[in-house]
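This report refers to the structure that appears directly beneath it.
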Amino acid sequence: MEITKRIALAAAAAIKEMWGQEVAPESIQLQETRPEFEGNVTLVVFPFLRMSRKRPEETAQLLGECLMREVPDVVARFNVVKGFLNLVIAPAQWIGLLEEINGQERFGFTPVTEASPLVMIEYSSPNTNKPLHLGHVRNNLLGWALAQVMEANGNRVVKTNIVNDRGIHICKSMLAWLKWGNGETPETSGKKGDHLIGDYYVAFDKHYREEVKELVAQGMDEEQAKQEAPLIKEAHEMLVKWEQGDPEVRALWKKMNEWVYAGFDETYKALGVSFDKIYYESDTYLEGKKKVEEGLEKGFFYRREDGSVWADLTKEGLDEKLLLRSDGTSVYMTQDIGTAKLRYEDYPIDKMIYVVGNEQNYHFQVLSILLDKLGFKWGKDLVHFSYGMVELPNGKMKSREGTVVDADDLIQTMIEDASQMSADKVNKLEDITEAEAQEIARIVGMGALKYFILKVDARKNMLFNPEESIDFNGNTGPFIQYTYARIRSILRKAKAQGIEVPAKLPTTAELSEKEISLIQHLNDFADTVRQAGQDYNPSCIANYCYDLVKEYNQFYHDFSVLREEDKDKQVVRLALSEAVSKVVRNGLGLLGIEVPERM
RNA sequence: GGUUCGGUAGCUCAGUUGGAUUAGAGCAGCAGCCUUCUAAGCUGCGGGUCAAGGGUUCGAGCCCCUUCCGAAUCACCA
């Protein structure tokens with residue numbers, strides 16, 4: 001049993017015995033002792049002063065004596081500072097804990113069974129008219145990490161993507177391609193499909209703005225000009241044709257979407273993300289209409305004189321929300337309802353998590369209420385995993401102003417920088433093939449990018465400065481990967497010397513403060529994983545990994561793992577190193593960050 | 001204006017359910033450390049009114065109220 005748990009139970013029993021009060025063992029505060037005091041675990045006695053009716057010091061003293069009696073194998077000795085009871089734990093307990101951590105391949109993970117709750121996570125959700133940018137990268141990395149975290153906490157997870165493949169935006173790209181494309185394809189141009197389509201989207205916008213400008217110059221007011229410009233009218237006509245199923249338009253749409261999907265797949269692969277099921281809005285938007293009609297019949301919604309359908313949410317403290325336009329076409333909300341319906345037909349999900357930016361907080365507040373009204377049992381408790389925007393030094397990313405950080409460019413730059421970095425190193429790895437070097441550069445470059453994004457609290461807006469490239473030193477992914485690679489190197493060398501870490505560790509070795517602190521730290525991994533799942537926040541795992549590795553590094557410089565004379569101590573330090581590497585591998589794994597055996 | 005979220009070092013960020021005279025990392029700056037298990041590292045130094053004010057209590061960066069500043073949102077856009 002865990003050390004803290006045993007202490008908490010014993011303390012609760014002692015309190016009941018001495019002062020006759022029931023205390024839940026979980027409510028007893030146990031924390032790591034500050035380095036300036038002697039001890040490993042500290043029990044805070046302030047909450048029990050009312051029960052003991054004694055001074056803090058006296059209360060702590062009594063509790064300490066009681067614990068020495070009750071769990072003598074755990075508590076070796078204690079001291080009292082004000083209301084803090086500092087406990088020195090018997091070394092054998094720490095050895096036991098270390099064995100336990102090393103004994104499990106996935107320490108801190110909750111196993112998934114058939115009976116585990118089924119959680120669906122929607123993330124990515126791209127539009128098909130432009131390539132992915134840094135904002136999407138944050139979404140994809142968070143979505144993937146969250147899926148891993150939910151699984152580590154004992155949930156069955158279905159990762160899903162809803163592709164926004166229909167609407168005026170894709171018609172704009174199609175039209176521009178028809179007008180100015182001369183039949184250009186990804187093959188003939190050598191461009192990635194999503195970039196090719198993105199270029200035509202930009203081209204449309206450019207010509208469109210010129211038209212508007214010209215109309216304004218002719219005396220038309222701007223709002224009218226925006227609607228009257230020939231290009232936008234043509235795009236609208238194309239959308240109507242699309243909705244009517246015009247074979248020519250549909251064929252073009254299909255062809256161009258395929259190009260985009262091929263491009264996205266490359267980016268997804270580079271990011272290391274994947275999906276179990278992909279939905280397309282072209283399939284779901286009609287379902288949404290049906291569902292709204294259904295709600296209309298049941299009286300949840302109402303129809304206005306112009307034919308548009310609305311939901312009145314004023315009772316919930318929100319506004320009235322449009323669900324169908326007066327011409328009967330669907331809006332964003334309608335599509336999400338349709339998608340929800342199809343999903344629930346496919347999977348009997350218990351919980352739905354939407355990974356979508358915080359700009360849509362209001363949308364999901366409304367969606368939750370609507371899905372609940374329409375009878376989705378998970379609607380009320382749906383989770384909008386709302387993450388903050390990625391900002392640039394001069395504000396938001398705006399594709400029109402060309403101030404976007406392209407995902408593919410960024411990935412390529414990161415890998416090149418990592419490659420350069422290792423080439424510049426003095427103590428380069430020798431006997432390494434070119435292919436291995438490239439693979440390491442990929443792992444390290446992506447590690448830097450992923451860690452940079454995931455270490456920040458998902459809810460907060462974050463800043464990315466393109467002028468300064470993402471760091472490889474300090475609090476970064478590569479630093480953690482580097483420590484991992486070094487530990488692996490130590491373990492390889494130990495093995496070469498014939499030293500293996502046994503399952504049963506020697507108990508005679510004295511443990512230093514640093515070693516005990518490291519074992520405690522390792523043990524916290526389980527709590528961190530749990531917390532990440534509870535708060536839907538992978539960032540605490542990233543920060544945990546950094547803290548752990550930082551502590552190990554300091555330990556590593558104070559002691560020699562391989563040169564220790566005392567065999568027992570050496571084995572314990574090797575076991576500790578192994579445990580750190582394993583926890584780091586699992587922790588980074590949850591974030592989708594790979595670890596290199598050498599770097 | 002309503003709603004929601006945020007404000008911690010020059011910059012980027014941590015800070016678990018309130019805990020210990022001194023609120024932590026990294027970057028940037030300065031000074032050291034490669035015959036020693038990988039220097040993508042380690043050790044020092046400087047840098048803070050935790051936006052401001054009040055409250056709750058043994059104790060507040062964290063909880064409550066007020067104010068200031070910033071962001072998002074409040075579309076027959078997606």
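Proteins come first, then strands; the chains are lettered A, B, ... in the order of their sequence lines, and each starts at number 1.
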Distance between P atoms of G48(B) and C63(B) (Å, rounded): 25 Å
N-glycosidic conformation, C34(B) - syn within 90 degrees of 0, else anti: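 You should classify C34(B) as syn.
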side-chain hydrogen bond (donor to acceptor under 3.5 Å, both in side chains) against Tyr451(A), all qualifying residues, sequence neighbours excluded: Asn475(A)
At 4.0 Å (heavy atoms only), tell me whether [X] reaches a base, stays on the sugar-phosphate, or touches nothing.
X         : result
Tyr332(A) : base
Arg598(A) : base
Gln365(A) : nothing

Under 3.5 Å between N/O atoms: give me all the protein pairs with nucleotides 7-12 of chain B, atom names plus distance.
from	atom 1	to	atom 2	distance (Å)
G7(B)	OP1	Lys460(A)	NZ	3.3

Distances for protein N or O near nucleotides 20-26 of chain B N or O, under 3.5 Å:
from	atom 1	to	atom 2	distance (Å)
A20(B)	OP2	Arg34(A)	NH2	2.6
A20(B)	N6	Thr42(A)	OG1	2.8
A20(B)	N6	Asn86(A)	OD1	3.2
A20(B)	N1	Asn86(A)	OD1	3.2
U21(B)	OP1	Lys82(A)	NZ	3.4
A25(B)	O2'	Tyr546(A)	OH	2.7
G26(B)	OP1	Lys550(A)	NZ	2.8
G26(B)	O2'	Asn475(A)	N	3.4

Runs of at least three Watson-Crick or G-U pairs with RNA chain B, cut-off 3.5 Å: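 Correct response: B:1-7 with B:68-74, B:10-13 with B:24-27, B:29-33 with B:41-45, B:51-55 with B:63-67.
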Residues that Val137(A) engages under side-chain contact (heavy atoms from CB on, under 4.5 Å), provided they are two or more places apart: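 For Val137(A), the residues satisfying side-chain contact (heavy atoms from CB on, under 4.5 Å) (neighbours in sequence not counted) are Leu134(A), Leu141(A), Leu271(A), Ala407(A), Ile453(A).
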Contact residues, residues 529-544 of chain A to RNA chain B [heavy atom, < 4.0 Å]: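 The stretch gives Gln531(A), Asn543(A) as the residues lying under 4.0 Å from the strand, ordered by number.
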Ring centroid separation Phe555(A) to Tyr552(A) under 6.0 Å: yes
Side-chain donor-acceptor contact under 3.5 Å, Glu320(A) with Tyr302(A):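 Yes, because at least one side-chain N or O of Glu320(A) sits under 3.5 Å from a partner of the opposite role on Tyr302(A).
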